[in-house]
Amino acid sequence: MRLFSATIATETNTFSPLPTSIAAFKESVFLRPGEHPTDAPRMCTAPLFVARQRAAKDGFTLIEGSCFAASPAGTVNRADYEFMRDEVLGQLRAALPLEGVLFGLHGAMVAHGYDDVEGDILERARAIVGPKCVIGVEHDPHCHMTLKRMRNSDIMICYKEFPHTDVADRAEDLLDLVLRTLRGEIRPVMSLFDCRQIGSYPTTLPLMRGFVDRMKALEGKDGILSVSAVHCFPYADVAELTSRILVIADGDKAKADALAKKLGEEFVSMRGRTAPQFETVADGVKSAMAFSGAPVVIADPADNAGGGAPSDNSTVLRQLIAMQATNAALGPLWDPIAVRLCFDAGVGARFPLRFGGKIGPASGSPVDALVEVTALKRGCWQSFGPTQVPLGDCAAIRIGGIDVVLITNRTQALGLELFSNLGIDPLARKILVVKSTNHFMAAFGPIAKKVIYVDSDGPLPRDYRKLAYTKLQRPIWPLDAETRPGLIF
Ligand SMILES: [Zn+2]
């Protein structure tokens, strides 16, 4: 039995002004066959990693393809996408004959000329391997689950948890289902219900927690093989952006349809109640300053680098300055040029610095201030669970009672070291502002006396009605009040 595995992955925010070229993949995951590290999966490479570990025991030969993955940003360079795709498809052709294929695809990649990158990959892969080969795909739930992908794959699975703590577990599920299909034990049939809604669904909140626990309990009995909630990725102007429910049953299409419909209707009934409430920037800063406990964490999800934002929006900082906040710290603000200027000035220097607000209109305008350089550090990092996330060279600057951490490697706020490695004790601060949507909660949640989400004018607004969609299929909630949810596959 011969299986092939490869990865092409990024999450594209088509509203982000930062283009994604092959350089971004080379900075993150750019592994040719046999080069994948043995310690742990990389971004979206769990299907290959898990298959490699299990090949001998489960009696199949794994042919490893390339793995390419980049951090979220704007639309991908067309020639660079085609280069990576054609490399993987060439490997696939060379690996024939194959019984199975395992793709680790994020599922929300958009390249110039390709609104549905994963659909393009799967359609071309199907043409190469033929109708009998079992194609299995692992997606991030923040994906666009298009009909083209459904038509060109046999088994499609999304992570269930957000934050995504179950990437490897779902890759195990995918491999199980592909192998059982190849052994003739099961015959997967998929159904897809379109909820016609855009939403955010952290599984740390009670309503979604309960939904995911019920999804899990349904699997492995009564002929149900797998259930995925497709959250959607709101920050892309593509036709099939929408929340969907995907059910895989064993041979019984009517059964898959019925469950997809039942869970889909339940998902529709949860509209507007699955995400944390948010405030305006002015109200959020005001209530943080008025709160008696400390630290108060203010999250700025609209400028989350993890969703493709530049992370240089200045709006929350301006509000802190205007309201003369004291004992406050904000990070990370991505501005490699300002970091360079701070290194040139040196620790202890007080000098006029222009920083932030550079990359696009959704960055706001730059801040001009007399700043004091309080710390400089080369090769900084922060932790995210067991992983060290590099921040590059960093500078801490002080404006009145506010400290700002400037970084060189664009990334979201994840670990307390973002502040503490530059001499800012997060526990001793009254207000901590973090640029992140939900991942910050792992480290900052436990120390926060209160968490306030604000909706700034960054490129990932919480209110989806602010986004200038042109290709999105309508009607869809919350842009339209009347929608027509239903089974579509
Ligand atoms: Zn995601």
Side-chain angles (χ1 to χ4, degrees), residues 7-16 20 24 28-29 41-47 68-74 76 103-110 116-118 137-146 149 156-171 173-174 195 197-205 208-209 211-212 215 227-236 238 240-246 267 274-276 299 301-309 311 384-385 387 389 410-414 435-442 453 459-462 464:
T7 286
I8 299 179
T10 189
E11 182 180 75
T12 300
N13 181 334
T14 65
F15 302 103
S16 168
T20 302
S28 295
V29 178
R42 297 302 188 259
M43 194 192 309
C44 299
T45 69
F68 304 125
S71 296
V76 178
F103 277 122
L105 306 174
H106 178 288
M109 180 165 167
V110 178
D116 181 7
V117 159
E118 292 80 2
V137 182
E138 185 181 35
H139 264 4
D140 186 295
H142 300 114
C143 66
H144 315 296
M145 190 61 77
T146 67
R149 300 177 199 185
M156 182 68 89
I157 286 182
C158 293
Y159 323 146
K160 290 184 170 63
E161 302 294 335
F162 174 38
H164 308 319
T165 51
D166 62 333
V167 179
D169 293 337
R170 299 292 81 79
D173 293 352
L174 180 70
C195 304
Q197 68 198 44
I198 307 173
S200 178
Y201 311 92
T203 57
T204 39
L205 294 177
M208 239 346 247
R209 182 71 261 146
F211 190 82
V212 169
M215 272 165 52
V227 181
S228 292
V230 179
H231 295 195
C232 84
F233 179 63
Y235 306 102
V238 295
E240 286 184 77
L241 186 177
T242 172
S243 305
R244 291 177 165 169
I245 298 290
L246 194 166
F267 221 56
T274 56
D303 198 25
N304 173 19
S311 194
F384 185 49
T387 317
V389 179
R410 191 178 59 88
T411 188
Q412 67 181 297
L414 298 168
K435 291 182 182 287
S436 173
T437 300
N438 197 40
H439 288 330
F440 74 94
M441 279 298 282
Y453 294 83
L460 288 82
R462 298 290 87 195
Y464 309 122

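Numbering of residues begins at 1 and proceeds along the displayed sequence. In each ligand, atom 1 is the first atom listed, and ligand 1 is the first ligand listed.
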Okay, side chain of [X], backbone of [Y]: is any donor-acceptor separation there less than 3.5 Å?
X    : Y    : result
D303 : S311 : yes
Y235 : P461 : yes
E161 : D166 : no

Evaluate the ring planes of F384 and H439, with Trp represented by its six-membered ring, and classify them as parallel (under 30°), tilted (30 to 60°) or perpendicular (over 60°).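 The rings of F384 and H439 sit tilted, inter-plane angle from 30° to 60°.
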Check the angle between the aromatic planes of F267 and F211 and answer parallel, tilted or perpendicular using the 30° and 60° thresholds.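 The rings of F267 and F211 sit tilted, inter-plane angle from 30° to 60°.
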Of E118, H106, R149, R170, which meets side-chain hydrogen bond (donor to acceptor under 3.5 Å, both in side chains) against H139?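 Among the candidates, only R149 passes.
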Mind counting the protein N, O or S atoms sitting less than 2.8 Å from the Zn ion (ligand 1)?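 N, O or S atoms of the protein closer than 2.8 Å: 4.
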